[in-house]
Every structure is written in structure tokens, then in C-alpha cells.
Asker: 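Before I ask anything, here is the structure I am working with.
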Amino acid sequence: MTNPTAAELIARSNRLGSDPRVTNYAGGNTSAKGTETDPVTGEPIELMWVKGSGGDLGTLKEAGLAVLRLDRLRSMTNVYPGIDREDEMVAAFDYTLHGKGGAAPSIDTAMHGLVDAAHVDHLHPDSGIAIATAKDGKKLTKKAFGDKVVWVDWRRPGFQLGLDIAEIKAKNPKAIGCILGGHGITAWGDTSDEAEANSLWIITTAEEFIEAKGKKAPFGRTVAKNAALPEEERRTKAAALAATVRGIASHDRPMVGHFTDADVVLDFLASANAPKLAALGTSCPDHFLRTKVKPLLLDLPANASIEKSIERLKELHEEYRKDYTAYYDKYATDDSPEIRGADPLIVLVPGVGMFSYGANKQTARVAGEFYVNAINVMRGAEALSTYAPISDAEKFNIEYWALEEAKLQRMPKPKSHATRVALVTGAASGIGKAIATRLAADGACVVIADLDLEKAQAAAAEIGNTDVAIGLKVNVTDAAAIERMVQDAVLAFGGIDIVVNNAGVSLSKPLLETTEQDWDFQHDIMAKGSFLVSKATAPVLIEQAMGGDVIYISSKNAVFAGPNNIAYSATKADQAHQVRLLAVELGEHGVKVNGINPDGVVRGSGIFAAGWGANRAKTYGVEEEDLGKFYAQRTILKREVLPENVANAVSVLTGPDLSHTTGLHIPVDAGVAAAFLR
């Protein structure tokens with residue numbers, strides 16, 4: 001049963017964490033102190049519940065709390081070796097934990113435990129950080145809040161900061177909280193409601209102060225040549241640049257992308273002061289740990305051509321890498337972790353918007369959200385004074401902090417297809433849906449493309465939220481529709497790594513009954529459709545310079561001369577040879593092209609449900625409901641082939657174990673000797 005104090009804390013945390021004015025995803029932490037019966041002594045014991053390392057306030061549950069004994073936590077002041085060795089105190093938190101399980105204590109645990117208040121909130125609101133990063137933030141704090149909020153000079157989070165804030169509270173009995181220079185806010189209260197009210201009062205007061213006292217154009221004049229392009233034009237340009245930008249962000253390690261053309265971003269990029277402010281970078285640790293110390297800003301006008309923009313982005317990337325490497329070399333010590341890559345995580349394009357990157361879609365999206373926070377912070381600081389983030393030296397001390405490195409090392413090992421984006425056609429049902437489901441389970445982001453948009457979106461929703469899967473409408477016989485699909489896919493996830501040509505249809509007829517329309521219908525969807533999808537996606541795969549995979553779901557019928565099947569089998573043979581041709585052509589770009597030859601996939605198949613099953617059953621003289629069993633009995637292994645069996649083959653072909661395999665066709669037919677590849 002959850003302790004009432006902990007339950008109250010969780011409820012408060014969820015309210016605060018769900019309000020973007022208060023903090024962003026995984027930003028800030030909260031705590032509550034209370035009592036519980038010690039199961040060993042049977043006596044009451046004072047405990048503190050605090051959000052653990054890496055958790056999120058908005059979605060916090062009991063398992064995300066660290067639970068510590070207050071007496072032992074506060075006794076740590078007796079052994080504190082001083083600021084030069086304060087990192088040692090984090091390991092000591094483990095000796096103050098109470099009970100089994102729970103989250104690892106975060107670096108801010110001392111702040112919560114040492115401050116003499118039952119409830120403490122440490123948050124990262126834009127308005128609070130705006131004052132915290134203003135050049136004269138200390139004076140502004142006094143003007144905005146009077147004696148109720150006290151300024152604290154920048155100090156890296158840790159034990160000493162906890163001691164500092166505890167002393168401030170003790171010396172300022174009227175104070176309800178602090179502005180932490182360059183960082184955020186901390187508030188407290190005797191009750192959970194009081195702490196929450198105090199946090200919200202600080203945030204609201206800061207917002208109102210900025211609105212009342214701030215300049216109306218804090219970013220300077222609008223630069224006409226950098227103004228936002230019309231929506232369709234800017235999204236078309238964004239899609240055209242997406243592969244290049246993802247390749248830039250993924251030079252050192254693969255990244256998933258996110259794009260936004262929100263007004264707050266476009267207005268910032270159109271301002272005169274954007275280049276100067278962007279170069280200063282972000283300040284709050286939660287911001288720059290996700291966005292890197294500064295973004296890459298394209299220094300061309302909004303109407304610059306795609307070709308010129310790509311050329312300049314690549315030049316700026318080289319400059320960015322040299323600059324970041326110099327930053328690392330300047331501040332790194334013998335004990336610093338190795339450089340984690342010199343590529344930007346935020347790329348800004350005037351008139352178009354912002355690309356952000358991370359190890360998965362959620363991380364990429366959140367990085368973009370944090371840079372929006374940074375824009376809001378810069379606006380507030382510039383409105384009141386001058387934006388003055390913490391120094392690069394201090395940023396480095398956070399970014400390459402041994403404790404931050406330890407947190408990264410605790411993260412689970414990535415799945416086999418992590419950072420990869422898969423586009424699967426005909427994926428609303430049957431084999432395609434099974435493939436998309438398997439690749440998502442392997443860690444990929446998946447685009448479910450299908451002629452039926454509603455079914456595509458429903459299939460995507462079954463797999464996960466939009467950070468994992470999206471559904472798009474496409475008619476694979478329509479080149480323009482395919483281009484729109486590719487555009488939407490790269491804007492959703494940054495690019496494409498895996499293309500699965502699965503869309504298919506079939507009519508079972510003998511030669512003399514097969515009409516020209518029957519022939520064209522099947523060839524347009526499968527042979528022509530696969531060609532068009534491959535042609536539209538290949539430029540993305542090539543420009544990203546990250547390799548990739550193209551998979552054709554062909555058929556046993558590509559090599560097996562079955563009865564009454566001229567049009568279907570011929571188009572499958574066409575697809576099979578496209579595999580060989582494209583394997584040769586795309587290999588120089590690191591793109592592998594392979595095929596899969598299934599047979600008799602009846603269960604869940606859209607093709608079989610649409611009449612193909614009835615026709616094949618009639619051809620073989622069996623009942624339609626027994627067709628799967630019939631196919632199984634004619635195989636060597638006597639096993640029915642399921643959509644999941646095909647999906648398994650796709651997973652293997654696109655995974656790390658077959659990195660040197662291209663031009664291959666894998667039979668997934670339970671063994672049909674007449675279809676053996678020779």
C-alpha cells in the first residue's frame with residue numbers, strides 16, 4: 001500500500017509535470033518528507049520520498065521514487081569532504097536508502113533532504129529560467145519577488161548546492177523559494193498544497209513581471225528574408241533537406257529525427273538577434289544535455305535553393321564539428337569521458353523550422369521541445385535585460401560530468417533496430433502488419449503505409465504511440481502519392497532506413513481467362529509499385545549516407561510454375577529480379593537489397609481474404625478454410641506459414657547479423673522443393 005505522503009507527492013508531481021509552463025519531460029524533481037513504520041523495529045521512522053534519477057514528473061509512479069532515511073541522509077553533513085570531492089556523496093546516498101526497490105537517487109537529492117521543509121519542488125519553468133539567465137538576474141529577482149524569493153548564484157547541482165539552499169531558507173524565514181542562477185527555481189512548503197502553490201506563484205509572478213516590464217521586441221527587428229515560408233512550401237523544403245540534415249546529425253552515431261515549424265521557432269529564426277543568441281547556446285542543464293551546447297543555424301535566407309542549402313549545411317557541419325571538438329579539447333581533463341560525438345542535435349533553418357535528433361523519436365522530440373524552452377528563456381531574458389547563460393566551462397562540467405556519464409551507462413542496451421526508421425507498404429493487415437509489428441518490437445520506428453488510411457492508422461495505434469508508429473495513405477501505383485508519403489515519413493522520423501515493398505494483390509486465373517486489365521492491375525501494384533517506391537526512397541537512403549535496407553516481399557511463385565497464376569507469378573518474378581538489379585546499383589551507397597519468397601500465408605492475409613484464397617482453394621479442390629492446412633501438407637516441414645514467419649525473416653535481413661548480405665532471396669515456405677533456388 002502506498003504511503004499517504006508518497007501518494008500525495010505523486011499526485012502533485014503529475015500535476016506539475018503535465019504543465020509545460022512548469023517543466024518539460026524528465027525535467028525537475030519533487031520530494032516529500034513523512035513517517036512510516038520501520039518493519040524491523042516497529043517504530044516510526046522519518047523518510048523522504050524524492051523523484052529518482054531520470055524520471056519524469058508528469059508520468060511519475062511509485063516505482064520512480066527513491067526512498068531515503070532522513071536521519072542518515074542528514075548525517076551525511078558530518079562526513080562531507082568539501083566541494084572538491086562532493087561527487088563522492090552521490091554514492092553515499094545508497095547507504096541511506098530505505099526498503100527494497102525504488103529508483104536511484106538523483107544528484108538533486110541533497111537539495112531536497114537538507115532543506116528544512118516537508119515538501120520541496122525543483123523545477124525548470126521558462127519564466128523562472130529567463131530571470132535566472134538574465135545578466136542582472138539577482139537584481140531582477142529582488143524586483144520581481146521582494147523577500148519571498150532569494151537569488152542563488154550558479155552552482156553545479158550537488159551536495160554543496162543543497163547546503164547553500166538550506167542555509168538560505170534558514171536565514172530568510174519569509175522566503176518561499178529561490179531562483180537558481182542559470183538553472184531554474186526551487187520552492188518549498190509545509191504541506192504538499194503549499195509547496196505546489198508556492199511553485200506556481202513564483203512561475204506566474206515571473207511571467208507577469210516579464211510581460212509588464214519586458215521589451216516588446218526582445219529578439220530585435222524581423223528580417224524579411226528569413227520570414228516563414230508558406231506552410232506547404234516550407235514543409236516541402238523541410239522534406240527535401242531532411243535526409244541531408246539527418247546525415248549531418250548521424251555522422252558519429254545514427255539518430256532519429258523530429259521536425260517542427262511551430263510559430264515560436266519560425267519567429268525566432270526570422271529575428272535579427274537569432275544568430276547571436278543561438279551562438280550563445282542554452283543554459284539550464286536539462287536543456288543543453290538534450291540539445292548540445294548550441295545548435296547549427298543555417299546562415300542562408302528562407303528562399304535559398306535546396307541545392308545551395310544542402311551545400312551550405314554540409315560546410316557548416318564541418319565547422320560545427322571542429323568547433324565542438326575544440327570545446328571538448330579545451331575543457332577535457334584526463335578523467336573526462338570520451339567525446340560523445342561532435343554532431344549537432346538541433347539544426348535550425350530560417351523560414352522552414354527546426355530539426356532535432358536523439359536516440360529514439362521521443363528523445364528527438366523532447367530535444368526539440370527543450371530548444372523551444374530555450375527560445376522562450378532567451379526571449380524573457382532579453383526582454384528584461386541581456387541573456388547570459390552559464391559559461392562553456394560550466395556547461396562542459398555538466399555535459400561530461402562523471403555522474404552524468406554513469407547515468408548514461410545505466411541505460412539499457414539498445415535493441416537491434418534502435419535508431420532505424422522502417423517504411424512498410426501494404427502494412428495495415430497480414431504480412432505487412434506483422435513486419436511492422438516485429439520491427440517496432442526490435443526498436444525501429446515504423447511507417448505503416450496502406451491504401452486504406454483508417455486501417456493504417458488503426459494498425460499504427462495498435463503498435464504504439466506516434467513516437468513509435470504512424471499510419472499514412474498511399475497508392476503505390478501513383479508516383480505523386482508515393483512522394484507525399486515519403487515526405488510525410490521523413491518529416492515524422494527524420495529519414496528512412498528500411499523500405500519493405502510488401503503491397504500486393506492477386507487474381508488467380510488461367511492464361512485464357514486473364515484479361516489485359518487483370519495483367520496491368522497486378523503489375524501496376526507489385527512490379528511498378530515496388531519500382532516507384534524504391535525509386536522515391538532511394539534518394540533518401542543515399543543522401544543520409546547511413547546505408548539502409550530495401551526488402552521485396554516476393555513469392556515462391558517467382559520461381560515456381562504453379563497453375564492458373566500467370567499474371568501474379570510473372571509480376572513476382574519481376575520483383576525478384578528488381579532485387580538483384582538494385583542490389584548491384586545501390587550497393588555502392590551501402591544499401592542492401594534482399595527479397596523474401598513466402599508461400600501460402602493464409603491467416604490474416606488481405607490478399608487471401610479478397611478472393612485469392614477462394615480461387616486457390618477451388619484450383620486445388622479443397623475448402624477455403626482448409627487452405628492453410630493444405631499448403632502446410634505439401635511442404636517438406638509440414639508447417640503452415642504465418643505472417644510472423646515472414647516478419648522474422650525481415651528482422652534478420654535488416655538486423656546486424658546479416659550486415660554483409662545483399663541480393664539474396666530467402667524462402668519462407670516451410671520447404672517447397674520445386675521452389676528451391678538454384
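The figures that follow rest on heavy atoms only: side chains count, while hydrogens, waters and symmetry mates do not.
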Asker: Between Thr654 and His417, do the side chains contain a donor N or O and an acceptor N or O under 3.5 Å apart?
Answerer: yes
Asker: Show every donor-acceptor pair shorter than 3.5 Å between a side-chain atom in residues 462-474 and any protein atom, with sequence neighbours excluded, or say none if there are none.
Answerer:
from: Glu462; atom 1: OE1; to: Lys433; atom 2: NZ; distance (Å): 3.0
from: Glu462; atom 1: OE2; to: Lys433; atom 2: NZ; distance (Å): 3.1
from: Asn465; atom 1: OD1; to: Asp467; atom 2: N; distance (Å): 2.9
from: Asp467; atom 1: OD1; to: Arg365; atom 2: NE; distance (Å): 3.1
from: Asp467; atom 1: OD2; to: Arg365; atom 2: NE; distance (Å): 3.4
from: Asp467; atom 1: OD2; to: Arg365; atom 2: NH2; distance (Å): 2.7
from: Lys473; atom 1: NZ; to: Leu451; atom 2: O; distance (Å): 2.8

Asker: Excluding sequence neighbours, so at least two apart, what forms salt bridge (charged side-chain N to carboxylate O under 4.0 Å, His left out) with Asp286?
Answerer: Arg290
Asker: Name each donor-acceptor pair under 3.5 Å that joins a side chain in residues 668-677 to protein atoms two or more places apart or in another chain, with its distance.
Answerer:
from: Asp669; atom 1: OD1; to: Gly671; atom 2: N; distance (Å): 2.8

Asker: Looking only at side chains, do Asn565 and Ser569 share a donor and an acceptor under 3.5 Å apart?
Answerer: yes
Asker: Can a side-chain donor-acceptor contact be found between Asn648 and Ser651 if the only test is distance below 3.5 angstrom?
Answerer: no
Asker: Before accepting this row, confirm whether a basic side-chain N of the pair Asp450/Lys455 lies closer than 4.0 Å to the acidic partner's carboxylate O.
Answerer: no
Asker: Check whether any side-chain N or O of Lys528 sits under 3.5 Å from a backbone N or O of Gln522 as a donor-acceptor pair, and report yes or no.
Answerer: no
Asker: Quick check on side chain to side chain contact (heavy atoms under 4.5 Å, CB included): which of Ile435, Asn597, Val601, Thr425 does Ile553 satisfy it with?
Answerer: Ile435
Asker: Salt bridge (charged side-chain N to carboxylate O under 4.0 Å, His left out) with Asp599: which residues, sequence neighbours excluded?
Answerer: Lys556, Arg634
Asker: If only side-chain N and O atoms count, and only distance matters, is there a donor-acceptor pair under 3.5 Å linking Asp574 with Thr571?
Answerer: no
Asker: In the structure I gave you, are the side-chain heavy atoms of Glu623 and Phe630 within less than 4.5 Å of one another anywhere?
Answerer: no
Asker: Okay, side chain of Asp478, backbone of Ala481: is any donor-acceptor separation there less than 3.5 Å?
Answerer: yes
Asker: Show the atom names and distances, to 0.1 Å, of all donor-acceptor pairs under 3.5 Å that link a side chain in residues 534-552 to residues at least two apart or in another chain.
Answerer:
from: Ser534; atom 1: OG; to: Asn501; atom 2: ND2; distance (Å): 3.1
from: Ser534; atom 1: OG; to: Ser530; atom 2: O; distance (Å): 2.9
from: Ser534; atom 1: OG; to: Tyr552; atom 2: OH; distance (Å): 2.9
from: Thr537; atom 1: OG1; to: Val533; atom 2: O; distance (Å): 2.8
from: Thr537; atom 1: OG1; to: Ser534; atom 2: O; distance (Å): 3.4
from: Glu543; atom 1: OE2; to: Thr244; atom 2: OG1; distance (Å): 2.7
from: Glu543; atom 1: OE2; to: Lys314; atom 2: NZ; distance (Å): 3.2
from: Gln544; atom 1: OE1; to: Arg246; atom 2: NH1; distance (Å): 3.0
from: Gln544; atom 1: OE1; to: Ile496; atom 2: N; distance (Å): 3.1
from: Gln544; atom 1: NE2; to: Ile496; atom 2: O; distance (Å): 2.8
from: Asp549; atom 1: OD1; to: Lys592; atom 2: NZ; distance (Å): 2.6
from: Asp549; atom 1: OD2; to: Arg420; atom 2: NH1; distance (Å): 3.1
from: Asp549; atom 1: OD2; to: Arg420; atom 2: NH2; distance (Å): 3.0
from: Tyr552; atom 1: OH; to: Gln578; atom 2: OE1; distance (Å): 2.7

Asker: Answer yes or no: is there an ion pair linking Asp488 with Arg484, defined by an N-O contact shorter than 4.0 Å?
Answerer: no
Asker: Using 30° and 60° as the class boundaries, would you call the ring planes of Phe259 and Phe355 parallel, tilted or perpendicular?
Answerer: tilted
Asker: Who passes salt bridge (charged side-chain N to carboxylate O under 4.0 Å, His left out) against Arg321, sequence neighbours left out?
Answerer: Asp252, Asp343
Asker: Heavy-atom count check: over 12 atoms from other residues, nucleotides or ligands less than 6.0 Å from Gln633 CD?
Answerer: yes
